[in-house]
Number of protein chains: 2
Amino acid sequence: MVRSETANPGAAPKIPRPATLRESVFEAILELIVRGSLSPGQHLAESELAEMLGVSRQPVREALQMLSGEGWVDLRPGHGAFVHAPTVDEADQLLAVRTLLETESARLAALNATPDGVSRLREVCSRGLAALEADDIETSVAANSELHTLVTELSGNKVLSELASQVSRRVRWYHTPVARQRGRDSWEEHARLIEAIEAGDEERAAQVMRDHTEHTRLSYLEQRAEAPAEPEPIAPRRRRPRSLSAG
Amino acid sequence: MVRSETANPGAAPKIPRPATLRESVFEAILELIVRGSLSPGQHLAESELAEMLGVSRQPVREALQMLSGEGWVDLRPGHGAFVHAPTVDEADQLLAVRTLLETESARLAALNATPDGVSRLREVCSRGLAALEADDIETSVAANSELHTLVTELSGNKVLSELASQVSRRVRWYHTPVARQRGRDSWEEHARLIEAIEAGDEERAAQVMRDHTEHTRLSYLEQRAEAPAEPEPIAPRRRRPRSLSAG
DNA sequence: CTGCCGTCGACTGCCTACAGTACACAGCCG
DNA sequence: CGGCTGTGTACTGTAGGCAGTCGACGGCAG
């Protein structure tokens, strides 16, 4: 299995080989989307992606389907894939759903968390806070998501945990810039959340998590309201004017 | 496009042509799963499905991926697809998540429902009840799911609605036998729910929906506890002993 | 100049074919 | 007789190629 020697001219994200090609391609395209190299609404031509990543169209197709399943791209039969362009409304609704899922997770975590789980929460929390102090925003944001994921896992409900992770991942894409701003507040809220979980106080844990996520949601809406960012109400059906790897 | 003249020997579900082949195949396999023609844990060979449906492996692969995305089958790389076999725990967790999503939907529906929406609810409700009286269980169950879907739609949150529909569809697979039993109680609860929504009483709507779905969940657990149904804790890794179309 | 129509191009959807791999069984050695 | 190894089979993962379809552009009539 010695292929893909023509791939990765540098701009494209590396494509190791964790398991199958389609998963590698999935990760690669997802990273392109999250990093903003592919703008919302943009058309994704299979052949182009295939050539760029040094694989055939087949794994690209399957990766696009996986991405569609998680809401990252829209698949219009006969027209191909388009990077999902969330409206303000939809983002708001997604954030609301996240609040719902994570609040319930926090409640259950308060009921079910083990001392070991709590200590893991503390570890992540201190790590994230340290990163923030060191101005290492990247690590801080990563710890943030790690902490939220951990809380959902401590809920003991795998279905809930998976759903919440998926929703949160998309949410994070939207509000990362927000997270950068209100870093310290966020970590203080996290600390209060952990206390509530450790105390086994389900109501308080739920309340803290609700406040926390709602806080995030409102910040997002505020930001997006004052900075419309994408003032293109007209559908950009035109084919992409320049190369794909314009990131 | 004149192919597939070798398909449908009778046992396999018809495959019309709504849009793309992969969607047809998706529907066909899903129906096989829901109807029980494919038992949980069973291995699904791509070639077999392909031959059975009169298509090539390609659309089958993509359909299996879609099914995997919605949790109907498990995709083990290098090993193929297996019909998802939910444990009691997982079913319980899924039902709990459904309660969460539908309860929130009901709350929002009470806040946002229009008079038109309420009358549509009433229409479905009376239709379902009539079907029950006529012993038309099939129609009654269909109306049941239609009503729940309608409630989620009236919530006004598309993301929530989609998620709830997806989860509920899986849930329905598990507890359909239960639904058959407690038909009348169920429709009385539905009527109370509609009243609460019409009155705009979000707390009551949420409470009624919570009771309703929890009621279902407990019935399911009860039933499954007393009738273990699938007493095969050993993983049936063996290849299917007989033909696929054994339904 | 505006609206319609034919042609062209590009892309998707699907199929066939090949390579690679994991499992199972049979035979062999200790 | 038990464990190990070799071989065979069946399956998945991937590549390349062909047909069908949709959108866009240029030319033509009004």
Side-chain angles (χ1 to χ4, degrees), chain A residues 1-7 15-29 41-68 73-83 234-241 243-244, chain B residues 1-7 15-28 42-68 73-83 235-244:
Chain A
M1 219 181 356
V2 252
R3 68 174 84 84
S4 87
E5 53 271 354
T6 66
I15 138 179
R17 125 170 8 190
T20 65
L21 264 189
R22 67 160 170 266
E23 288 179 32
S24 314
V25 173
F26 173 90
E27 298 289 346
I29 300 179
Q42 177 171 350
H43 175 73
L44 300 179
E46 297 174 358
S47 358
E48 210 161 340
L49 289 170
E51 189 183 1
M52 183 172 110
L53 299 171
V55 300
S56 90
R57 274 178 51 211
Q58 187 78 8
V60 172
R61 279 181 70 81
E62 301 187 355
L64 287 175
Q65 293 226 347
M66 292 167 70
L67 288 165
S68 160
V73 307
D74 299 320
L75 235 46
R76 286 201 307 164
H79 293 260
F82 298 79
V83 180
I234 324 107
R237 298 197 319 282
R238 203 89 187 80
R239 283 194 179 62
R240 69 270 98 109
S243 165
L244 186 69
Chain B
M1 195 135 98
V2 254
R3 68 174 83 85
S4 87
E5 53 271 354
T6 66
I15 137 176
R17 149 156 350 193
T20 65
L21 263 190
R22 67 161 170 264
E23 289 180 32
S24 314
V25 173
F26 173 91
E27 298 287 346
Q42 179 171 351
H43 175 74
L44 300 179
E46 296 175 359
S47 356
E48 210 162 342
L49 289 170
E51 190 183 0
M52 180 173 111
L53 298 171
V55 299
S56 91
R57 275 178 51 211
Q58 185 81 7
V60 172
R61 278 181 71 81
E62 301 188 355
L64 287 175
Q65 295 226 347
M66 292 166 69
L67 288 165
S68 161
V73 306
D74 298 320
L75 237 46
R76 287 201 306 164
H79 293 258
F82 298 79
V83 179
R237 299 198 320 284
R238 203 89 188 80
R239 283 194 180 61
R240 67 272 99 102
R242 60 184 187 280
S243 165
L244 186 70

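Within every chain, numbering begins at 1; the chains are lettered A, B, ... in the order of the sequence lines, protein sequences first and strands thereafter. Keep in mind it's a predicted model, so treat the numbers as computed, not measured.
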Separation of D:dG13 atom P from A:Phe26 atom CZ, nearest Å, is 16 Å
In whole angstroms, the gap separating C1' of C:dC14 from CG of B:Leu53 amounts to 15 Å
Rounded to 10°, the helix from C:dC1-D:dG30 to C:dG30-D:dC1 deviates from straight, judged by its five-pair end axes, by 10°
The residue, A:Gly78 or A:Glu62, whose nearest nucleotide of DNA chain D is more 5′ is A:Glu62
From CD of B:Glu51 across to C1' of C:dC14 the rounded distance in Å is 18 Å
Closest to the side chain of B:Arg57, out of C:dC15, C:dT12, D:dT14, is D:dT14
A:Gln65 CD to C:dC14 C1', in whole Å, measures 13 Å
Side-chain contact check for A:Gln58: nearest option of C:dG13, D:dG13, D:dA15 is D:dA15
Residue set satisfying salt bridge (Lys or Arg N to Asp or Glu O under 4.0 Å) with A:Arg22, at least two apart, ordered chain then number -> A:Glu62
Shortest non-hydrogen pair, B:Pro77 vs B:Leu75, comes out as CD-O, 3.3 Å
So A:Leu64 and A:Leu49, do their side chains get closer than 4.5 Å, heavy atoms only? yes
note: A:Leu64, atom CG; D:dT14, atom P; distance rounded to Å ~ 14 Å
Exactly one candidate in A:Asp74, A:Leu44, A:Ile29 meets side chain to side chain contact (heavy atoms under 4.5 Å, CB included) with A:Val83; the answer is A:Leu44
Atom CZ of B:Phe82 and atom C1' of D:dC11 are separated, to the nearest Å, by 10 Å
- Message: When you measure from the side-chain N and O atoms of B:His43 to the phosphate of D:dA10, is any distance below 4.0 Å, counting only OP1 and OP2?
- Response: no
Out of C:dC15, D:dC22, C:dA22, minimum distance to the side chain of A:His79 belongs to D:dC22
Note: B:His43 and B:Gly80 closest approach over all heavy atoms is CE1-CA, 4.2 Å
Among C:dC14, D:dG13, C:dC11, the one nearest any side-chain atom of B:Pro77 is D:dG13
Counting the atoms with a prime plus P, OP1 and OP2 as sugar-phosphate, which does B:Arg22 contact under 4.0 Å by heavy atoms, base, sugar-phosphate, or nothing?
sugar-phosphate
Shortest non-hydrogen pair, A:Val25 vs A:Val60, comes out as CG1-CA, 4.0 Å
When rounded to whole Å, the CZ to P distance for the pair B:Arg61 and C:dA17 reads 18 Å
Atom CD of A:Glu46 and atom P of C:dG13 are separated, to the nearest Å, by 6 Å
Of the candidates C:dC14, D:dA15, D:dT12, the side chain of A:Leu21 sits closest to D:dA15
Residue set satisfying side chain to side chain contact (heavy atoms under 4.5 Å, CB included) with A:Phe26, at least two apart, ordered chain then number -> A:Leu30, A:Ala63, A:Met66, A:Leu67, A:Glu70, A:Arg169
Picking from D:dA15, D:dC11, C:dC18, the nucleotide nearest the side-chain atoms of A:Val55 would be D:dA15
